Every structure is written in C-alpha cells, then in structure tokens.
Amino acid sequence: MKTIITAAAAACALALAAVATADTTGNQLTLQPVSHGAQSQASWQAQQGRPDSQGSANQALVLDAPGTPDTSAAALFHGVEGFRVREIKSLSYEHRLGSTCTKTDPRWTMFIRGKKTYLVNLGCAVTPAQPTDDPKWVRRVFTLPVIQAEIVKQVPSALRSDALNGTVEQLALVVDRSKGPAYLDNIAVHARGVSNVWTYAGDNGNGIVGGPPDFTADEATLLAAPIDGAALLDEADVLASVTPDEQADIDAANAAG
C-alpha cells in the first residue's frame, strides 16, 4: 500500500510542474464547452480567472447548472479518444474558492471502452486541495495511480481488469448535481506524448474543436445514473483500500505496454 501512495505523490509532483505554464503539444487536444437545459451555461468568461497564456482577459471556464434533472454544464476534451487508460498521466484544474466544489461537481467523467463502456467519476472534493500562488485559487489533481485506484473501486471486480486495459472513449468535466457555478482555470490533460493546459479559450490553438459535439445518448444515460458510493470516498481512503489483488491487476495493466 505504501508503494501506491508513494507513486501517487511522485506523479502528482510531475503534474504540478507541468501545470505551471500553458503547454500545448501539436494542438491535438481541444476543449469544447457544452450545456444542457434551462439556466445552464458552459463558457469562458473574461476577468473571472487567472492570468492567460496570452493577453490580459484572465478568462475562467464557468460551468453552471441548477442541479435539476436533465440539466448540466460540461467541457468535452477531444484528442484523447483511443488512448489506453494507463497512458493518461494526470488530469487537473484550479478552481476559485467559494465556487462549486463537491464530491460530485465538477467531476472528471472518463468513459472507458472495454467489453462494455464503463464510467469512472473523479469528483472535485474527493482529491485534496493544493495551494497555488493565488490564495483565492486551489488546485485539484488526479494522477494515474489515483485514477486506476478509482477504477478498481468503481468497476465490479469481475470487470476491473477489462476496464484497466480499456481505451478512453470520452473525457469530460461535468457539473450536474450541485447548484451554483464552478470557476475553473489552468485545466490540464497530460497523456502519453500529448498534453495541453487551458488558461483561456485560445489555448485550443488552431481553433478546430473536432470530435463529437456532445455526449452520445448512451453516455448521457450513464451520466444520469446514480453515482457509485465508492466515487465519493476521499482519495486517501481509496488509495489505502486497494487490495493486493486489485494492485496486481493495476500492475498487470501497466506492464502491458
């Protein structure tokens, strides 16, 4: 158990170093805000965020939904489709204190394709807040060891190896169960050979979003389903609860290439 916690800490340190400045590798990764239902919005807003990689607009990504059925605000990330789970090195963002951050919202939603489609939820308040150089903003980071630990806890044991060896079908940040806006900035996706940090809308690089314009009907159904109780556990408890058999499945998936 000490091994997985140490690995998580090491990976976290690497992720924090990468987030310090906007970093785009080949413009392969893009972010697309989408919203659903009345009183929902997903957009970049000026003078609400941290310094941008260019200009002085200080944009933040605002995800705001009323927390009622069939409403949501989300950001879809295009360019990671087909990556193996083990190739996703870290997912992170900074959020403004006082804006929405619960164990359900905003949450990374990773749809994984194996023998079936699995949904793994990574909620804001599940992972500990880390300080930034602005006391009004804190960082939340999910490293690969944490993501894999969440998978083995959220996916039935008979299917966890399939999920660990699966590919990413869709990746998004979602607000749909808590009322009130989430203000996000320095949103980062780091995968094998490709990464991007979004400080403002222009960090999509060439402006081409690409990928599906919204969740599929099947993905929307999975999003609307009750969230597994394991997804609401604190990160430290999830890591500490990984069993030797679960760790063996994680190690096997990592050794597969």
Side-chain angles (χ1 to χ4, degrees), residues 31-37 40 42 63 65 67 69-93 100-127 140-178 182 187 189 191 211-235 238 241-242 246 249-250 253:
L31 181 160
Q32 178 187 357
V34 294
S35 60
H36 311 89
S40 298
L63 301 180
D70 301 320
T71 63
S72 66
L76 307 181
F77 295 83
H78 302 301
V80 293
E81 300 89 343
F83 275 69
R84 293 287 180 183
V85 170
R86 61 179 170 270
E87 295 178 316
I88 305 299
K89 303 307 180 184
S90 68
L91 306 170
S92 65
Y93 54 78
T100 292
C101 176
T102 68
K103 290 191 173 183
T104 60
D105 301 289
R107 68 185 183 280
W108 293 98
T109 57
M110 183 182 290
F111 295 86
I112 301 170
R113 169 62 67 181
K115 296 176 182 177
K116 57 177 288 186
T117 297
Y118 309 96
L119 171 59
V120 175
N121 293 291
L122 309 169
C124 180
V126 166
T127 191
R140 305 279 179 167
V141 182
F142 284 93
T143 59
L144 178 59
V146 178
I147 294 169
Q148 290 174 319
E150 292 285 357
I151 289 172
V152 300
K153 293 303 178 184
Q154 295 183 39
V155 173
S157 59
L159 297 170
R160 68 186 182 222
S161 180
D162 184 52
L164 287 166
N165 287 282
T167 58
V168 178
E169 187 174 74
Q170 174 74 276
L171 178 68
L173 270 172
V174 178
V175 170
D176 63 357
R177 298 171 192 248
S178 303
I187 304 161
V189 174
D214 208 338
F215 296 107
T216 67
D218 289 343
E219 289 168 350
T221 298
L222 288 173
L223 281 173
I227 293 178
D228 190 290
L232 306 180
L233 298 175
D234 290 338
E235 175 186 301
V238 172
S241 67
V242 173
E246 291 168 342
D249 283 344
I250 292 172

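Heavy atoms only: backbone and side chains are in, while hydrogens, waters and symmetry mates are out. In this text, all values refer to a predicted model and were calculated from it rather than measured experimentally. Residues take their numbers from the sequence shown, with the count starting at 1.
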| Thr117/Ile112 under side-chain contact (heavy atoms from CB on, under 4.5 Å): CA gap, chis, key distance, verdict | CA-CA 5 Å; Thr117 297; Ile112 301 170; over 6 Å; no
Could you tell me which non-hydrogen atom of [X] sits nearest to which non-hydrogen atom of [Y], and how far apart they are?
{"X": "Arg140", "Y": "Cys101", "result": "NH2-SG, 3.6 Å"}
{"X": "Ala74", "Y": "Val174", "result": "CB-CG2, 4.0 Å"}
{"X": "Val238", "Y": "Glu150", "result": "CG2-OE2, 3.7 Å"}
{"X": "Phe83", "Y": "Ala191", "result": "CE2-CB, 3.7 Å"}
{"X": "Ser241", "Y": "Lys153", "result": "O-NZ, 2.8 Å"}
{"X": "Gln154", "Y": "Val120", "result": "OE1-CA, 3.6 Å"}

| request: Applying side-chain contact (heavy atoms from CB on, under 4.5 Å) between Asp105 and each of Leu173, Leu63, Thr100, report the one that passes. | output: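 Filter result, single survivor: Thr100.
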| Derivation of the side-chain hydrogen bond (donor to acceptor under 3.5 Å, both in side chains) call for Thr143 and Ser90 | CA-CA 4 Å; Thr143 59; Ser90 68; over 6 Å; no
| query | Counting N and O atoms only, with roles assigned by atom type, does the side chain of Thr127 sit under 3.5 Å from a partner on the main chain of Val141, one being a donor and the other an acceptor? | reply | yes
| message | Between Arg86 (side chain only) and Leu164 (backbone N and O only), is there a donor and an acceptor less than 3.5 Å apart? | response | no
[X] with [Y]: basic N within carboxylate O range, under 4.0 Å:
{"X": "Asp162", "Y": "Lys116", "answer": "no"}
{"X": "Arg160", "Y": "Asp249", "answer": "yes"}
{"X": "Lys103", "Y": "Asp234", "answer": "yes"}

| task | May I have the step-by-step check of side-chain contact (heavy atoms from CB on, under 4.5 Å) for Val85 and Thr167, ending in yes or no? | result | CA-CA 6 Å; Val85 170; Thr167 58; over 6 Å; no
| query | So Gln32 and His78, side-chain contact (heavy atoms from CB on, under 4.5 Å) or not? Walk me through it. | reply | CA-CA 8 Å; Gln32 178 187 357; His78 302 301; 2.8 Å; yes
Working to the nearest 0.5 Å, report the span between [atom1] of [X] and [atom2] of [Y].
{"X": "Thr71", "Y": "His36", "atom1": "OG1", "atom2": "NE2", "result": "10.5 Å"}
{"X": "Asp218", "Y": "Gln170", "atom1": "CG", "atom2": "CD", "result": "12.5 Å"}
{"X": "Leu31", "Y": "Leu171", "atom1": "CG", "atom2": "CG", "result": "9.5 Å"}
{"X": "Ile151", "Y": "Glu246", "atom1": "CD1", "atom2": "CD", "result": "12.0 Å"}
{"X": "Ile187", "Y": "Tyr93", "atom1": "CD1", "atom2": "OH", "result": "9.5 Å"}
{"X": "Phe111", "Y": "Leu119", "atom1": "CZ", "atom2": "CG", "result": "4.5 Å"}

Close side-chain approach of [X] to [Y], heavy-atom, < 4.5 Å:
{"X": "Asn121", "Y": "Thr104", "value": "no"}
{"X": "Met110", "Y": "Leu91", "value": "yes"}
{"X": "Val126", "Y": "Leu233", "value": "no"}

| said: Arg107 vs Asp176, test: salt bridge (Lys or Arg N to Asp or Glu O under 4.0 Å). Steps then yes/no. | reply: CA-CA 9 Å; Arg107 68 185 183 280; Asp176 63 357; 2.8 Å; yes
| query | Can you list the steps and then say if Phe215 with Leu222 is a side-chain contact (heavy atoms from CB on, under 4.5 Å)? | reply | CA-CA 10 Å; Phe215 296 107; Leu222 288 173; over 6 Å; no
| field | Crowding at CG, Asp214 (>12 non-hydrogen neighbours, <6.0 Å) | value |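 Above 12, so yes.
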